[in-house]
> 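Structure in C-alpha cells, see below.
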Amino acid sequence: MAKVAVLGGGGWAIALAKVLYENGNDVTLWSFLQKEVDELTNDRENKICLPGIKIPEAIHITNSMEEAAKDKEMIVMAVASSYVRSTSKLLKPYVDEGQIVVDVAKGIENETFDTMTEIIEQEIPGVEAVVLSGPSHAEEVARNIPTVVVVGAKKFKVALKVQNLFANKVFRTYISPDRKSIELGGSLKNVIALAAGIIDGLGFGDNTEAALITRGIKEITQLGVEMGGNAKTFYGLSGIGDLIVTCNSKHSRNRRAGVLIGKGYTLDEAVKEVKMVVEGAVSAKAALELARKYNVSVPIIEAVNQVLFEGKTAIDGMWELMEREQTNEYRDLQWDE
Ligand SMILES: NC(=O)c1ccc[n+]([C@@H]2O[C@H](COP(=O)([O-])OP(=O)(O)OC[C@H]3O[C@@H](n4cnc5c(N)ncnc54)[C@H](O)[C@@H]3O)[C@@H](O)[C@H]2O)c1
C-alpha cells in the first residue's frame with residue numbers, strides 16, 4: 001500500500017482518488033476551499049461536480065497542505081488549471097527532491113504559454129513532474145466504466161511507478177516519454193471541443209462535426225510538432241482520443257459551453273450556465289498566440305477566438321471557415337502529374 005495525495009475537490013480529483021483507493025492505497029484528498037472540504041467531509045460527495053458518487057470513508061479529506069503532502073509516494077495535482085501555479089507554491093515546502101507530482105489538469109498558461117508540468121517544475125525545482133491524460137470523463141471513471149489513459153514522464157522508472165499505482169482492470173494505463181505532446185493535445189482539444197459545441201448549437205450536422213474534429217486534430221498536430229512534439233502522440237489517446245471524447249460527450253463542459261455560444265449566448269453567459277471552469281476559452285488565446293509565434297495556420301482556433309473575444313457571430317465564423325480557398329488536404333503530398 002502506498003501513501004498518496006490528490007489535490008483538488010472537483011469531479012476529477014474525486015474520481016482519481018477513488019481509483020487509487022480501490023487499488024489499495026492510503027489516499028488523502030486536499031482542497032484549498034474550506035467550504036468544499038466541509039461539504040465533502042459531511043456529504044462524502046460533490047453534489048455539483050459528481051452527484052451520486054460517494055467518497056469512501058477511508059479517504060481522508062483535509063484543508064491542510066502539510067497533512068496532505070508530507071511523506072507521500074505520489075501527489076496528484078487535480079485542481080483547475082488556473083490554480084496549478086498557486087497550488088504548487090503551497091505544496092513546495094512539504095516535498096523533497098524527487099517527489100512525484102502527477103498533473104491531471106489540462107491547460108496552457110496565458111502569457112507564459114507554460115504547460116502544467118512546466119509550471120510545477122518551475123515552482124518546485126527537483127520534482128518529478130508527470131502527466132496523466134486521455135479520453136477520461138470523471139463521471140465514467142468514478143463508475144468504473146473501462147477507460148484508457150497515458151502517463152507521460154521524463155524517466156521510464158517514474159512512468160512505471162505511476163502506471164502501477166493507477167492501473168487496474170477498468171483503468172488501463174499506457175506510458176510514454178512524450179510528456180510535452182500529451183499536455184499540448186489535452187489542452188488544445190478543449191478549443192476544438194468549444195468549436196464542436198458551437199457547430200451543434202448552430203444546428204449543423206454530423207458531417208460538419210466530423211470535419212471539424214479531423215481538421216482540428218490537424219491544427220493541433222501541426223502546432224504541436226512545430227513546438228517540439230511528436231506527431232504520433234497527437235494521433236494517440238491524449239490527442240485524437242481525448243478530442244473525440246470531448247467533442248462528442250454530454251459530459252464535456254467545453255462542448256456544452258460551445259453549444260450555448262452557438263445558440264447566441266456570450267462567453268460569460270455560457271460559463272455561468274455551465275457552472276464550471278471552461279478551460280478551452282483560456283487555452284484558445286494561448287493557442288492562437290502560439291500559432292502566430294510558430295507560424296502555423298490554425299483557421300478553426302482563429303475562428304473560435306474571433307467568436308469568443310472579438311464579437312464575431314458564431315454563424316459568420318462558421319461560414320468563413322467553409323468559404324476559405326479550396327485547397328489540397330495535405331499540401332506536402334506529391335502529385336504524379
Ligand atoms: N472532470 C473531468 O472529467 C476531467 C477529466 C480529465 C481532466 N480533467 C482536468 O482536471 C482538472 C480538474 O477538473 P475538475 O473537473 O475536477 O474540476 P474543475 O476544473 O471544475 O476545478 C475545480 C476545483 O479546483 C479547485 N480550486 C478552486 N479554486 C481553487 C483555488 N483558489 N486554489 C486551488 N484549488 C482551487 C477546487 O478543488 C475545485 O473543486 C481540470 O484541469 C480538468 O481539465 C477533468
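When a ligand or atom number is given, it counts from 1 through the structure's own listing order. No hydrogens, no waters, no symmetry mates; every other heavy atom, side chains included, goes into these values. The model shown is predicted, which means the values in this text are computed figures rather than measured ones.
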> Decide, yes or no, whether a salt bridge links Lys189 with Asp242 under the criterion of side-chain N to carboxylate O below 4.0 Å.
yes
> Among all protein non-hydrogen atoms, which one is nearest to atom 40 (C) of ligand 1, and what is the separation to 0.1 Å?
Glu279 OE2, 3.3 Å
> Less than 4.0 Å between a side-chain N and a carboxylate O, is that true for Lys157 and Glu128?
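No, no charged N to carboxylate O under 4.0 Å.
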> Counting only heavy atoms not in Glu111, do more than 12 fall under 6.0 Å of its CD?
no
> Would one find an N or O of Leu33, backbone or side chain, under 3.5 Å from an N or O of ligand 1?
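No, since none of the N or O atoms of Leu33 sits under 3.5 Å from an N or O of ligand 1.
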> If we set the cut-off at 4.0 Å for heavy atoms, which region of Val79 has an atom near ligand 1: side chain, backbone, both, or neither?
both
> Name the closest protein heavy atom to atom 27 (C) of ligand 1, giving the residue it belongs to and the distance to 0.1 Å.
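The closest one turns out to be Tyr83 CE1, 3.5 Å.
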> For Ile124 and Val95, which heavy atoms make the closest approach, and how far apart are they?
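Distance-wise, the nearest heavy atoms are CG2-CG2, 3.6 Å.
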> Taking only non-hydrogen atoms of Gly107, do any sit less than 4.0 angstrom from ligand 1?
no
> State whether the shortest distance between N or O atoms of Gly11 and N or O atoms of ligand 1 falls below 3.5 angstrom.
yes
> Identify the protein heavy atom lying closest to atom 39 (O) of ligand 1, giving its residue, its atom name and the separation to 0.1 Å.
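Result: Glu36 OE2, 2.6 Å.
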> Please check if any side-chain donor atom of Asn230 sits under 3.5 Å from a side-chain acceptor atom of Thr233, or the reverse.
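Side chains of Asn230 and Thr233: no pair found under 3.5 Å.
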> Does any N or O of ligand 1 fall below 3.5 Å from an N or O anywhere on Ala105, backbone included?
no
> What atoms of ligand 1 come within less than 4.0 Å of a heavy atom belonging to Ser81?
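Taking each heavy atom of Ser81 in turn, ligand 1 has 41 (O) under 4.0 Å.
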> Just say parallel, tilted or perpendicular for the rings of Trp319 and Phe204, cut-offs at 30° and 60°.
perpendicular
> Work out which heavy atom in Leu194 is nearest to a heavy atom in Leu308; give both atom names and the distance.
CD1-CD1, 4.0 Å
> Could you tell me the residue and atom name of the protein heavy atom closest to atom 23 (C) of ligand 1, and the distance to it rounded to 0.1 Å?
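It is Ala80 N, 4.1 Å.
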> Note the single closest protein heavy atom to atom 9 (C) of ligand 1, along with its residue, its atom name and the distance in Å.
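Checking every protein heavy atom, the shortest distance to atom 9 (C) of ligand 1 gives Val104 O, 3.4 Å.
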> What part of Cys49, side chain, backbone, both or neither, has a heavy atom within less than 4.0 angstrom of ligand 1?
neither
> Just by modelled atom types, is the Asp43 backbone N or O under 3.5 Å from a matching donor or acceptor in the Lys54 side chain?
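Such a contact is found between Lys54 side chain and Asp43 backbone.
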> Which of the atoms of ligand 1 are close to Thr87, meaning less than 4.0 Å from one of its heavy atoms?
33 (C)
> Within ligand 1, which atoms have a heavy atom of His137 less than 4.0 Å away?
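That gives atoms 3 (O) of ligand 1.
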> If we set the cut-off at 4.0 Å for heavy atoms, which region of Ala138 has an atom near ligand 1: side chain, backbone, both, or neither?
both
> State, without any angle test, whether Ser252 and His137 hold a side-chain donor-acceptor pair at a distance under 3.5 Å.
no
> Ignoring hydrogens and angles, state whether a donor on the side chain of Thr117 or Arg179 is under 3.5 Å from an acceptor on the partner side chain.
yes
> Does the side chain of Ser31 come under 3.5 Å of the side chain of Glu36 through a donor N or O and an acceptor N or O?
yes
> Do any N/O atoms on Met276 end up under 3.5 angstrom from N/O atoms on ligand 1?
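No - when backbone and side-chain N and O of Met276 are compared with those of ligand 1, no distance drops under 3.5 Å.
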> Run the numbers for me: atoms of ligand 1, each under 4.0 Å from some heavy atom of Ser136, listed by number.
3 (O), 5 (C), 6 (C)
> For atom 4 (C) of ligand 1, what's the nearest protein heavy-atom neighbour? Residue, atom name and distance, please.
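Looking only at protein heavy atoms, the one closest to atom 4 (C) of ligand 1 is Trp12 CG, 3.5 Å.
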> Give me the residue, atom name and distance of the protein heavy atom closest to atom 12 (C) of ligand 1.
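I find the closest protein heavy atom is Ala78 O, 3.4 Å.
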> If the cut-off is 4.0 Å to any non-hydrogen atom of Ser31, which atoms of ligand 1 fall inside it?
37 (O)
> Within a distance under 4.0 Å of any heavy atom of Gly8, pick out the atoms of ligand 1 and give their elements.
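Here the atoms of ligand 1 in question are 37 (O).
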> Is it the case that Asn190 and Asn254 place a side-chain donor and acceptor less than 3.5 Å from each other?
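There is such a pair between these side chains.
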> Quickly, which of Lys161, Lys72, Glu73, Lys155 forms a side chain to side chain contact (heavy atoms under 4.5 Å, CB included) with Ile100? Name it, please.
Lys161
> Could you tell me, atom by atom, which parts of ligand 1 come under 4.0 Å of a heavy atom of Phe32?
30 (C), 31 (N), 32 (N), 33 (C), 34 (N)
> Any N or O of Trp30 that comes nearer than 3.5 Å to an N or O of ligand 1?
no
> Just to confirm my output: which protein heavy-atom neighbour is closest to atom 18 (P) of ligand 1, and how far is it?
Arg253 NH1, 3.7 Å
> With rounding to the nearest 0.5 Å, note down the distance linking CZ in Phe234 to CD1 in Ile220.
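Between Phe234 CZ and Ile220 CD1, I get 8.0 Å after rounding to 0.5 Å.
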